[in-house]
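For reference, the structure discussed in these notes is given below.
Numbered from 1 within each chain, the chains take letters A, B, ... in sequence-line order. Only a predicted model underlies this, so the values are computations on that prediction, with no experimental measurement involved.
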2 protein chains.
Amino acid sequence: MNIGTVAQRSGVPAKTIRYYESVGLIPSAGRTAAGYRVYGERDVATLRFIQSARSLGFSVKEVGALLTLWNDRGRASADVRALALQHIADIDAKITELRSMRGTLQHLVDHCAGDGRPDCPILDGIADPARLGIAAACCRPEGEAG
Amino acid sequence: MNIGTVAQRSGVPAKTIRYYESVGLIPSAGRTAAGYRVYGERDVATLRFIQSARSLGFSVKEVGALLTLWNDRGRASADVRALALQHIADIDAKITELRSMRGTLQHLVDHCAGDGRPDCPILDGIADPARLGIAAACCRPEGEAG
DNA sequence: CTTGACCTTCCCGCCGCTGGAAGGCGCAGT
DNA sequence: ACTGCGCCTTCCAGCGGCGGGAAGGTCAAG
């Protein structure tokens, strides 16, 4: 199987496969006499595994660790679980950050007339971050626990 | 004011200020005879604005647009609002994606014993993405609307 | 006059690819 | 045999948003 075929079957672009090889995520493929990379079914499965793990947000390095565990018949599932839990924690941190941004932005937007006039609480809020803090508390009724 | 001072007062590292200048986010600073960059109060305010906008997740390019609006006394707040709303939409898309990842991962983790044995539904699920779909539906009671 | 903190430019590295150029290989058609 | 096309190879550059560090100039204090 040439790289184009394995790319199509795994869903990983040929350039990306070469990249993964160059950074050591996958071992160097065999070569034909002409220098073409040669792949087998196992490689398709590996690349699908990688694709899937990447789509779950694991970094290439983390995928490497997962691959190692996947190939290790003597692995402890606890190790895999630990990686996954850590990744969930990372995701949670990102979500928290994004929600914080979103909340601030939404608040600013809510206070902006959004018409032809230049007065803009959004710009004011960005210009003076202290107001962002104020903004977060200024119009909270009282029903929300801090 | 030298770059170190303005860096300290704005919270933007000197290297980053030079970078912002190099990509045209801020205009070229004035120079002393010796070639040192010179800044004033206005620059501190601008850099704080930038810092604040960046912390809300705006890209450097978007911050450029915000800065232009900020400096334009004839702006329409609707334009600012539109930028902010678009950014909120981008953030929402990211949050949605992260939550999807999180959901899948959590599900896999829930099914993994996480002990010394090698059997691992997490690895199985990653290896065969079809199972991820199954995983999403396999143990849903019936109370959840699709 | 020296020290040390500051400033300057420059280029490299990070992550995870993606695009493109220049050249070799394989096979079909004529 | 030759042409053409599509695939393969390598290498280099770039995206965003900086940070590290080298090599060298400047400034104020002692």
Side-chain angles (χ1 to χ4, degrees), chain A residues 1-26 28-40 43 46-67 87 90-91 93-94 97-98 101, chain B residues 1-26 28-40 43 46-67 87 90-91 93-94 97-98 101:
Chain A
M1 220 177 343
N2 283 344
I3 199 170
T5 307
V6 74
Q8 203 167 7
R9 291 195 44 203
S10 67
V12 180
K15 287 219 89 153
T16 304
I17 297 174
R18 282 189 279 257
Y19 168 73
Y20 286 160
E21 183 182 315
S22 79
V23 297
L25 180 61
I26 53 178
S28 299
R31 301 283 182 136
T32 66
Y36 284 25
R37 286 174 179 82
V38 181
Y39 299 91
D43 299 303
T46 299
L47 285 164
R48 282 188 180 149
F49 181 96
I50 292 171
Q51 183 83 328
S52 178
R54 291 285 299 129
S55 78
L56 287 175
F58 287 101
S59 71
V60 167
K61 192 174 178 181
E62 287 166 336
V63 172
L66 287 171
L67 266 180
H87 186 48
D90 294 346
I91 288 174
K94 282 183 194 165
E97 192 188 354
L98 286 171
M101 289 177 183
Chain B
M1 216 176 344
N2 283 344
I3 198 169
T5 309
V6 72
Q8 202 166 8
R9 291 196 44 204
S10 67
V12 179
K15 287 219 88 156
T16 303
I17 297 174
R18 282 189 279 257
Y19 168 73
Y20 287 161
E21 183 183 315
S22 79
V23 298
L25 180 61
I26 53 177
S28 298
R31 303 283 184 136
T32 67
Y36 283 27
R37 287 174 180 81
V38 181
Y39 299 91
D43 299 304
T46 298
L47 285 164
R48 281 187 180 150
F49 181 96
I50 292 170
Q51 183 83 329
S52 178
R54 292 285 298 129
S55 77
L56 288 175
F58 287 100
S59 70
V60 167
K61 192 174 178 183
E62 287 166 336
V63 173
L66 288 171
L67 265 181
H87 187 49
D90 294 347
I91 288 174
K94 282 184 194 164
E97 191 188 354
L98 287 171
M101 290 176 181

For the pair B:R48 (side chain) and B:R9 (backbone), establish whether a donor and an acceptor sit closer than 3.5 Å, ignoring hydrogens and angles.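 Such a contact is found between B:R48 side chain and B:R9 backbone.
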
Check whether any side-chain nitrogen or oxygen of A:T16 sits under 4.0 Å from OP1 or OP2 of C:dT18, and answer yes or no.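 Yes, A:T16 has a side-chain N/O under 4.0 Å of OP1/OP2 on C:dT18.
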
A:E62 CD to C:dC15 C1': how many Å, rounded? 12 Å

Check the distance between C:dC7's C1' and B:M1's CE and give it to me in whole angstrom. 16 Å

State, with a plain yes or no, whether a side-chain heavy atom of [X] is found less than 4.5 Å away from one of [Y].
X     : Y     : value
B:I50 : B:V12 : no
A:L66 : A:H87 : no
B:K94 : A:K94 : no

Output the single nucleotide from [options] whose closest atom is nearest the side chain of [X].
X     : options                : result
A:R31 : C:dC7, D:dT9, D:dC18   : D:dT9
A:R37 : C:dG16, C:dT9, D:dT10  : D:dT10
B:K15 : D:dG21, C:dT18, C:dG26 : D:dG21
B:V60 : C:dC25, D:dG17, C:dC10 : D:dG17
A:R54 : D:dG25, C:dG16, D:dG17 : C:dG16

Please compare B:Y39 and A:Y36 by the position of their nearest nucleotide in DNA chain C and report the one closer to 5'. B:Y39

On DNA chain D, more 5' by nearest nucleotide between A:R18 and B:P13 is A:R18

Take B:Y20 and B:A34, find for each the nucleotide of DNA chain D with the closest heavy atom, and name the residue whose nucleotide sits nearer the 5' end. B:Y20

